[in-house]
Amino acid sequence: MNKQKDAAQIGLGLRREMLSEFCAQVPDAIDFFEVAPENWMTLGGKFGRQFRALTEQHTFYCHGLSLSIGSPEPLDVTFIKNIKTFMDLHQIQVYSEHLSYCSGQGHLYDLMPIPFTDAAVKHVAARIKQVEDILERPLILENVSFYAAPGAQMSELEFVNAVLQEADCKLLLDVNNIYVNSVNHQYDADAFLKAMPTGRIAYLHIAGHYKQAEDLLIDTHGAAINDPVWTLLQRCYALHGVKPTLLERDFNLPTTAELMVEIEQIRAYQTVALSPNVQNSRHAVKRIA
């Protein structure tokens, strides 16, 4: 139970627009921040000073965008070394990336699905070890949303678990991505969640999405979290225990007060999951109005 309580941490993705407000005061309910290092590594001037002031006082995670772990092209070793320098400077220990690729013959400016094949599993696992050797830190991989699966020889579930096993690495479990993919590719979100390896889950992401059609959801990180995703988060805690949980909001940024409503909702679900009676209860915590 003590380990579970230690895992009841809640984070927020930090955006540049938030710097001045949070340099003045960070709400007590925020336990850590997450940043894409690509957006902060070369930041100087006022923003750079504000960022450094925050990293000196608060826990930060890095969640990258450009590693392209599944690309057929060689890893950008210089880029990875720059990530390490950035993390060393700000004393950041956690680095996660997407189980996808974003470069081939040039940068694709999108997160593309890696073909679900045995060859891809071995290719990605070897690159993970190379990254970890340079960073001198674990590389945590996130299950991604995807809209097509070209050349697939196995399911998404089989592929994710195979990569984690082959590379012996940790998982950033994105709850919203499970739900989005379950609708778009017509699979059982609960079954997928159950099959995730509890011991490999490092932390969680939760975010909003856009409903394009009844059978098409778009992973936007630009809206409030909806009820099915909240339900899946509760189910995740019940199945795998409470994990550090990061609220993602990349655009259409609301006020901090609005974001805090969702953060407090996460806190409420964590509290219920940690209750000694939770194993005997079928009741979900009531949504905060």
Side-chain angles (χ1 to χ4, degrees), residues 7 9-14 32-36 61-67 69-70 94-102 110-114 116 124 128 138-147 149 155-161 163-164 169-185 187-198 200-211 217-251 262-263 265-266 269-270:
Q9 303 287 305
I10 301 173
L12 179 67
L14 183 69
F32 66 95
F33 291 108
E34 184 185 77
V35 292
Y61 291 7
C62 278
H63 182 53
L65 301 171
S66 307
L67 180 62
I69 196 67
V94 175
Y95 179 62
S96 63
E97 250 286 0
H98 303 83
L99 184 53
S100 62
Y101 71 99
C102 57
D110 204 354
L111 297 172
M112 306 296 291
I114 302 169
F116 300 152
V124 170
I128 289 168
L139 172 58
I140 303 167
L141 287 180
E142 178 189 9
N143 59 299
V144 298
S145 57
F146 66 100
Y147 305 94
S155 69
E156 176 198 3
L157 174 59
E158 292 169 331
F159 180 73
V160 170
N161 277 328
V163 169
L164 297 176
C169 68
K170 295 287 189 178
L171 171 67
L172 162 52
L173 186 59
D174 191 306
V175 177
N176 179 65
N177 287 351
I178 294 176
Y179 179 71
V180 166
N181 289 346
S182 75
V183 172
N184 292 344
H185 302 288
Y187 66 66
D188 185 334
D190 191 66
F192 188 101
L193 187 61
K194 283 181 182 178
M196 291 291 95
T198 300
R200 294 193 184 276
I201 301 172
Y203 70 110
L204 309 177
H205 272 182
I206 189 166
H209 58 259
Y210 174 68
K211 186 175 182 179
L217 305 181
I218 307 298
D219 178 30
T220 61
H221 300 174
I225 299 162
N226 67 5
D227 286 341
V229 177
W230 282 125
T231 298
L232 201 60
L233 178 65
Q234 294 175 82
R235 184 69 176 140
C236 184
Y237 290 154
L239 288 167
H240 301 295
V242 171
K243 307 286 184 181
T245 304
L246 188 284
L247 174 64
E248 288 187 291
R249 189 66 177 262
D250 291 344
F251 69 99
E262 292 192 315
I263 286 175
Q265 188 66 52
I266 296 169
Y269 291 147
Q270 289 185 340

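Sequence positions, counted from 1, serve as the residue numbers for this chain.
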For this session: Check the pair Leu204 / Asp174 against side-chain contact (heavy atoms from CB on, under 4.5 Å), numbers first and verdict last.
Result: CA-CA 6 Å; Leu204 309 177; Asp174 191 306; over 6 Å; no
For this session: Might you work through the side-chain contact (heavy atoms from CB on, under 4.5 Å) test for Gln270 and Ile10, ending with a clear yes or no?
Result: CA-CA 9 Å; Gln270 289 185 340; Ile10 301 173; 3.7 Å; yes
For this session: Check the pair Leu12 / Phe32 against side-chain contact (heavy atoms from CB on, under 4.5 Å), numbers first and verdict last.
Result: CA-CA 7 Å; Leu12 179 67; Phe32 66 95; over 6 Å; no
Exercise. Hey, mind stepping through Tyr237 and Thr245 against side-chain hydrogen bond (donor to acceptor under 3.5 Å, both in side chains) and telling me if it holds?
Worked result: CA-CA 10 Å; Tyr237 290 154; Thr245 304; 2.7 Å; yes
Exercise. Between Phe146 and His185, does a side-chain contact (heavy atoms from CB on, under 4.5 Å) hold up when you go through it step by step?
Worked result: CA-CA 9 Å; Phe146 66 100; His185 302 288; 3.2 Å; yes
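Minimum interatomic distance between Leu246 and Gly11 (heavy atoms only, all atoms of both residues): CD2-C, 3.2 Å. Residues Ile178 and Leu193 share a closest heavy-atom pair of CD1-CD1, 3.9 Å. Across all non-hydrogen atoms, the minimal contact from Leu171 to Met196 is CD2-SD, 3.7 Å. Across every non-hydrogen atom of Tyr203 and Glu34, the tightest pair is OH-OE2, 2.7 Å. Across every non-hydrogen atom of Asn143 and Asn177, the tightest pair is O-ND2, 2.9 Å. For Ala195 against Leu157, the heavy-atom pair with the smallest separation is CB-CD1, 3.6 Å.
Ring geometry for His63 versus His98: interplanar angle of 30 to 60°, hence tilted.
In terms of the side-chain contact (heavy atoms from CB on, under 4.5 Å) criterion, residue partners of Val229 (sequence neighbours excluded) are, by chain and number, Val175, Asn176, Tyr179, Ile206, His209, Ile225, Asn226. The side-chain contact (heavy atoms from CB on, under 4.5 Å) check on Thr198 picks up His240, Lys243, with sequence neighbours excluded.
Using a 4.5 Å heavy-atom cutoff, the side chains of His205 and Glu142 are in contact. Here the side chains of Cys169 and Ile128 are in contact, with some heavy-atom distance below 4.5 Å.
Atom CD in Glu97 sits 7.0 Å away from atom OG in Ser66 (nearest 0.5 Å). Taking CD of Glu156 as the reference point, atom CG of Asn181 lies at 4.5 Å (rounded to 0.5 Å). From Glu248, atom CD reaches atom CG of Asp219 across 7.5 Å, with rounding to the nearest 0.5 Å. The distance from atom OG of Ser96 to atom CG of Leu141, rounded to the nearest 0.5 Å, is 8.5 Å. Note that OH of Tyr269 and SG of Cys236 are 13.5 Å apart. Values are rounded to the nearest 0.5 Å.
In this structure, the ring of Tyr95 has its center no less than 6.0 angstrom from the ring center of Tyr61.
Counting only residues at least two apart or on different chains, the salt bridge (charged side-chain N to carboxylate O under 4.0 Å, His left out) pairs with a member in residues 189-198 are Asp190-Lys194, Asp190-Arg235.
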